Amino acid sequence: MEITRLSPDDEAGCTEAVALLTVAAKLDCPEWLLPTPRSYAAHLKYGWDGDPGQAYLARDDDGVTVGLLGLHTPTYDNTHLAWLEVQVHPDHRGRGIGSELVAYGERLARELGRTSVGTDNWDLPKANAFSLRHGFEQKAIEVNRRQDIAGLDWSVVQRLYDEAVQASTAYELLRVIGPVPEELLGGMVALTESINDAPKDDLDIEDDVFTPERLRAYEAAQIAHDRTVYRVIARERSTGELAGHSVVAVEQERPHIAEQHDTAVDRKHRGHRLGALVKCDMLLWLREQETAVTQLDTWNAESNAHMIAINEQLNYHIVARAIAYQKPL
């Protein structure tokens with residue numbers, strides 16, 4: 001088997017990678033929101049926020065693509081960590097390909113000075129057994145939920161919004177499309193750090209470190225992915241402090257698809273229904289602004305009961321559970 005690094009400029013290789021992901025998803029998680037070849041290439045080039053990972057294609061002796069390895073070694077923070085994603089074509093499983101890709105990824109991680117490695121897989125018996133067999137320990141459970149916008153009861157959204165408005169009279173809402181204005185940048189960096197309060201469960205990970213440069217890199221990466229970023233920001237009227245926000249990105253390549261990138265409330269401002277306020281206002285705004293959107297995907301730690309409770313009132317259903325694993329190198 002030959003393992004070669006995949007360049008984001010390799011259109012044929014990115015198409016091969018997505019084809020493998022697609023056939024694997026049909027077996028493992030049919031509802032998984034897959035990338036397109038174009039968005040996969042953008043992810044390899046720009047990452048989520050200007051900190052891209054690497055991808056490697058595995059081909060057998062006949063040149064057939066049989067596996068895919070993703071490797072992310074963060075540079076903004078968590079510089080002790082490497083994260084592996086391993087996919088094997090269903091027709092070629094059980095032949096040691098996955099094990100070879102894990103070993104290859106761990107070797108690269110060691111060469112880069114990483115001391116801990118993580119991976120995740122769908123919550124399936126064989127996938128869980130594979131991770132455990134390679135010495136990983138279960139550390140967290142993440143749940144992918146999807147909101148059916150087309151089937152949403154807008155009277156429920158309006159009711160939740162109205163209730164949240166009554167509980168948050170000390171705050172006003174700002175709506176921003178694309179990059180945040182310069183005068184809001186410092187406040188947005190501080191507010192984005194609130195995501196660190198989300199449950200980490202047993203994962204050995206440090207808090208994310210945010211800077212103005214990282215926030216601008218995120219915005220640039222989303223533009224490169226051909227996504228439109230919408231932000232609803234709650235601001236305290238008396239102080240001007242940014243207190244909470246919701247961030248959604250809408251694909252332009254597939255305009256019926258939206259993804260929830262963040263919802264967070266600064267701990268000083270909790271208890272005023274700001275989470276429900278910004279999420280509901282976002283939905284009402286998208287109904288006006290992005291009429292083609294029919295689905296909105298989000299991920300939460302299974303232990304994040306508060307956010308899950310809000311989502312369940314808003315017509316989300318579970319797509320799949322993923323188990324996160326980690327081990328020292």
Side-chain angles (χ1 to χ4, degrees), residues 1-29 32-76 78-79 81-93 95-114 117-122 127 130-131 134 217-218 220-227 249 251-254 257 259 322 324-325 329:
M1 185 173 71
E2 181 184 28
I3 301 174
T4 57
R5 185 170 174 179
L6 177 57
S7 166
D9 298 321
D10 182 353
E11 292 185 14
C14 289
T15 299
E16 284 183 69
V18 171
L20 188 148
L21 292 172
T22 301
V23 70
K26 287 181 180 178
L27 179 65
D28 300 331
C29 185
W32 182 24
L33 178 56
L34 290 159
T36 66
R38 181 179 168 191
S39 65
Y40 188 83
H43 184 68
L44 284 182
K45 196 165 190 176
Y46 303 101
W48 172 266
D49 54 6
D51 188 22
Q54 304 170 14
Y56 297 81
L57 286 174
R59 296 184 175 91
D60 64 14
D61 293 340
D62 296 322
V64 176
T65 301
V66 295
L68 177 66
L69 169 67
L71 172 67
H72 185 224
T73 50
T75 60
Y76 292 124
N78 285 285
T79 55
L81 180 64
W83 202 264
L84 305 181
E85 296 180 7
V86 174
Q87 293 284 346
V88 178
H89 192 291
D91 293 344
H92 299 274
R93 293 178 181 176
R95 304 177 186 179
I97 294 169
S99 296
E100 191 168 341
L101 288 173
V102 168
Y104 190 87
E106 290 182 1
R107 184 164 66 251
L108 292 174
R110 286 192 185 92
E111 291 171 357
L112 292 169
R114 304 298 161 127
V117 62
T119 190
D120 50 32
N121 55 249
W122 301 119
F130 176 86
S131 293
H134 288 84
Y218 160 78
Q222 299 312 306
I223 291 171
H225 279 80
D226 203 16
R227 298 172 182 152
E251 293 191 18
Q252 298 309 304
E253 186 178 4
R254 298 178 296 185
I257 293 173
E259 293 183 71
Y325 294 87
L329 278 177

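Quick caveat, the model's predicted, so the values are computed rather than measured.
- Other residues, nucleotides and ligands contribute more than 12 heavy atoms inside 6.0 Å of the CD atom of Glu111.
- Distance OG1/Thr65 to CD/Glu2: 10.5 Å, rounded to 0.5 Å.
- The CD atom of Gln54 lies 6.5 Å from the CG atom of Leu108; values are rounded to the nearest 0.5 Å.
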Open item on the list: Is there a side chain to side chain contact (heavy atoms under 4.5 Å, CB included) between Leu21 and Trp32? Walk through the geometry before answering.
Closed with: CA-CA 10 Å; Leu21 292 172; Trp32 182 24; 4.0 Å; yes
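- The distance from the CZ atom of Phe130 to the OG1 atom of Thr119 is 8.0 Å, given to the nearest 0.5 Å.
- Contact detail for Ala82 and Thr73: the closest heavy-atom pair is CB-CG2, 3.9 Å.
- Residue Leu44 comes nearest to Pro8 through the heavy atom pair CB-CB, 3.8 Å, listed as atom of the first residue, atom of the second, then distance.
- Listed here is the closest heavy atom pair of Leu68 and Ala55: CD1-CB, 4.4 Å.
- Heavy-atom contacts from other residues, nucleotides or ligands closer than 6.0 Å to NE2 of His225 number more than 12.
- The environment of Glu11 atom CD is sparse: at most 12 non-hydrogen atoms of other residues, nucleotides or ligands sit within 6.0 angstrom.
- Using modelled atom types, no side-chain atom of Thr15 and backbone atom of Pro37 make a donor-acceptor pair closer than 3.5 Å.
- Interatomic distance, His92 NE2 to Leu20 CG, rounded to the nearest 0.5 Å: 8.5 Å.
- Contact record, Asn121 with Ser131: OD1-OG, 2.6 Å, taken as the closest heavy-atom pair.
- You'll find the side chain of Arg254 reaches within 4.5 Å of the side chain of Leu33, heavy atoms only.
- Ile97 is not listed as a side-chain neighbour of His89, based on a closest heavy-atom distance of 4.5 Å or more.
- Formation of a donor-acceptor pair under 3.5 Å by the Asp62 side chain with backbone atoms of Val64 is not found in this model.
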- [ ] Decide side chain to side chain contact (heavy atoms under 4.5 Å, CB included) for Val88 and Arg95; before the verdict, give the C-alpha distance in whole Å, the side-chain angles of both, and the deciding distance to 0.1 Å.
- [x] CA-CA 10 Å; Val88 178; Arg95 304 177 186 179; over 6 Å; no
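- A 4.5 Å side-chain heavy-atom check between Ile3 and Leu57 finds every atom pair outside the cut-off.
- Remark: the backbone N or O of Leu329 is not paired with any side-chain donor or acceptor of Arg110 at under 3.5 angstrom.
- Heavy-atom contacts from other residues, nucleotides or ligands closer than 6.0 Å to CG of Asp61 number 12 or fewer.
- Across all their heavy atoms, Gly50 and Ala221 have their closest contact at N-CB, 4.1 Å.
- Side-chain atoms of Val102 and Glu106, non-hydrogen and from C-beta on, do get closer than 4.5 Å to each other.
- Under the 4.5 Å side-chain criterion, counting only non-hydrogen atoms from C-beta, His72 is not in contact with Leu81.
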TODO: Apply the test side chain to side chain contact (heavy atoms under 4.5 Å, CB included) to residues Leu71 and Arg114: give CA-CA distance (whole Å), side-chain angles for both, the deciding distance (0.1 Å), then the verdict.
DONE: CA-CA 12 Å; Leu71 172 67; Arg114 304 298 161 127; over 6 Å; no
Task: Verdict with supporting geometry, Tyr40 and Leu6, side chain to side chain contact (heavy atoms under 4.5 Å, CB included) - done: CA-CA 11 Å; Tyr40 188 83; Leu6 177 57; 3.7 Å; yes
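- A pairwise comparison of heavy atoms in Leu101 and Ala58 identifies CD2-CB, 4.0 Å as the closest pair.
- Remark: the backbone N or O of Thr75 is paired with a side-chain donor or acceptor of Asp51 at under 3.5 angstrom.
- Judged by distance alone, with hydrogens and angles left aside, the side-chain atoms of Tyr104 form no donor-acceptor pair with the main-chain N or O of Leu69 at under 3.5 Å.
- In this structure, Lys45 NZ and Ser7 OG are separated by 8.0 Å, a value rounded to the nearest 0.5 Å.
- By the 4.5 Å heavy-atom criterion applied to side chains, Val18 and Leu34 are not counted as neighbours.
- Counting heavy atoms from C-beta outward, Arg59 and Thr4 have side chains that approach closer than 4.5 Å.
- Between the side chains of Ser99 and His134, at least one donor N or O lies within less than 3.5 Å of an accepting N or O.
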